[in-house]
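Encoded as structure tokens, the structure appears first; notes follow it.
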Amino acid sequence: RNKITAWTSAHAIFVPLIVDVTILTVWTLVDSLEYEREEEGRTVEAGIVTIESIGRCRPSNGNVNVWAFLGPLFANHIGLVLWTHWLLYQVRNVSNRYQENKYLGMAAIFALEVAVVGIPILVAAQDSVEATYFVISGIVALDNIGVLSFIFIPKIFFQMKGLEEGVTVSESIMNDTHKHAVARESSRQYAVSSDSPSGLTPSNRNQDSEF
């Protein structure tokens with residue numbers, strides 16, 4: 001019997017997080033961002049000088065290749081995605097009540113749809129700072145809300161619904177045992193209702209006898 005501890009699941013979160021924090025910390029120390037404002041032009045009208053400028057954050061050290069840090073970050077996250085799908089494949093026979101294989105797949109498809117729709121809009125709106133900010137905020141919000149909804153809403157639903165009558169927790173873990181247990185209970189309830197007069201179950205007969 002395999003024993004699963006808190007660290008078994010926690011290390012899957014803390015290790016990639018430590019890798020991310022390490023890369024970002026080194027990036028900040030080696031090539032931190034500096035805010036710069038550049039003057040685009042100025043106009044004088046009725047003695048009033050209007051200055052047009054653009055402010056942006058740029059790396060303080062122009063000699064450092066940004067992909068020296070973005071590359072490991074992307075590799076870390078791509079590795080996480082591949083590892084997640086491998087874990088989901090290993091638990092494919094576990095009931096949806098206890099694993100997120102189905103719902104993470106739906107979340108990935110949803111995120112892909114958001115990217116397919118959002119990226120062309122982002123390219124089309126790149127000349128407008130307000131539109132670009134709105135589109136980026138929408139993409140980030142939809143991605144995060146979609147993923148969290150696909151993961152936690154089914155869990156809330158399963159918790160509120162509870163197990164089927166007559167199905168034990170151990171039977172509900174695996175897909176095959178869960179299906180057999182549900183079929184068994186359905187057959188038992190059908191047999192009880194068929195044997196009872198007027199389709200009354202034993203519980204209903206007890207209630208009627210009280211009157």
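Keep in mind the model is a prediction, meaning the values are calculated, not measured.
Between F110 and V147, every side-chain heavy-atom pair lies at or beyond the 4.5 Å cut-off. Side-chain contact between W27 and D31 is present, with at least one heavy-atom pair separated by less than 4.5 Å. In this structure, the side chains of V81 and H77 stay at 4.5 Å or more apart for every pair of heavy atoms. For the pair E45 and T50, the minimum side-chain heavy-atom distance is 4.5 Å or more.
Taking CD1 of I23 as the reference point, atom OG1 of T28 lies at 11.5 Å (rounded to 0.5 Å). Rounding to the nearest 0.5 angstrom, the gap separating the CG atom in N144 from the CD1 atom in I139 is 12.0 Å. How far CD of E52 is from CD of E39: 9.5 Å, rounded to the nearest 0.5 Å. L87 contributes atom CG, which lies 10.5 Å from atom CG of L80 (distance to the nearest 0.5 angstrom). Between the CG atom of L148 and the CD1 atom of I153 there is a distance of 9.5 Å, given to the nearest 0.5 Å. Taken from CG in N101 to OG1 in T84, the straight-line distance is 11.0 Å, to the nearest 0.5 Å.
By the 30° and 60° cut-offs, the orientation of the rings of W83 relative to H11 is tilted.
Dense packing is recorded around NZ of K155, with more than 12 heavy atoms of other residues, nucleotides or ligands lying under 6.0 Å away. Residue Y98 places its OH atom among more than 12 non-hydrogen atoms of other residues, nucleotides or ligands, all under 6.0 Å distant. More than 12 heavy atoms of other residues, nucleotides or ligands lie within 6.0 Å of CD in E40, so this atom counts as buried by the packing criterion. The environment of OH in Y35 is crowded: more than 12 heavy-atom neighbours from other residues, nucleotides or ligands sit within 6.0 Å.
Residues meeting the side chain to side chain contact (heavy atoms under 4.5 Å, CB included) test with V117, sequence neighbours left out: I121. By the salt bridge (Lys or Arg N to Asp or Glu O under 4.0 Å) test, E38 is found to be paired with R56, R58, residues two or more places apart in sequence or in another chain being considered.
Of all the heavy atoms in S149 and P154, the pair that sits closest is O-CD, 3.4 Å. Here the closest heavy-atom approach between residue V135 and residue G118 is recorded as CG1-O, 3.9 Å. For the pair P120 and A115, the tightest heavy-atom approach, listed with the atom from each and the gap, is CD-O, 3.9 Å.
Under the 4.5 Å side-chain contact rule for hydrophobic residues, L73 and V19 share a cluster. Hydrophobic clustering of Ile, Leu, Val, Met, Phe, Trp and Tyr side chains at less than 4.5 Å, counting indirect connections, unites W67 with V26. Transitive grouping of hydrophobic side chains (ILVMFWY, heavy atoms separated by less than 4.5 Å) brings L122 and V140 into a common cluster. Residues Y103 and L142 fall within the same hydrophobic cluster, defined by Ile, Leu, Val, Met, Phe, Trp and Tyr side chains chained together at heavy-atom separations under 4.5 Å. Hydrophobic clustering (ILVMFWY, side-chain heavy atoms < 4.5 Å, transitive): L24 and L70 are in one cluster.
One N or O on the side chain of R97 and one on the backbone of G162 form a donor-acceptor pair closer than 3.5 Å.
Applying the salt bridge (charged side-chain N to carboxylate O under 4.0 Å, His left out) definition to pairs two or more places apart or across chains, none involves residues 20-30.
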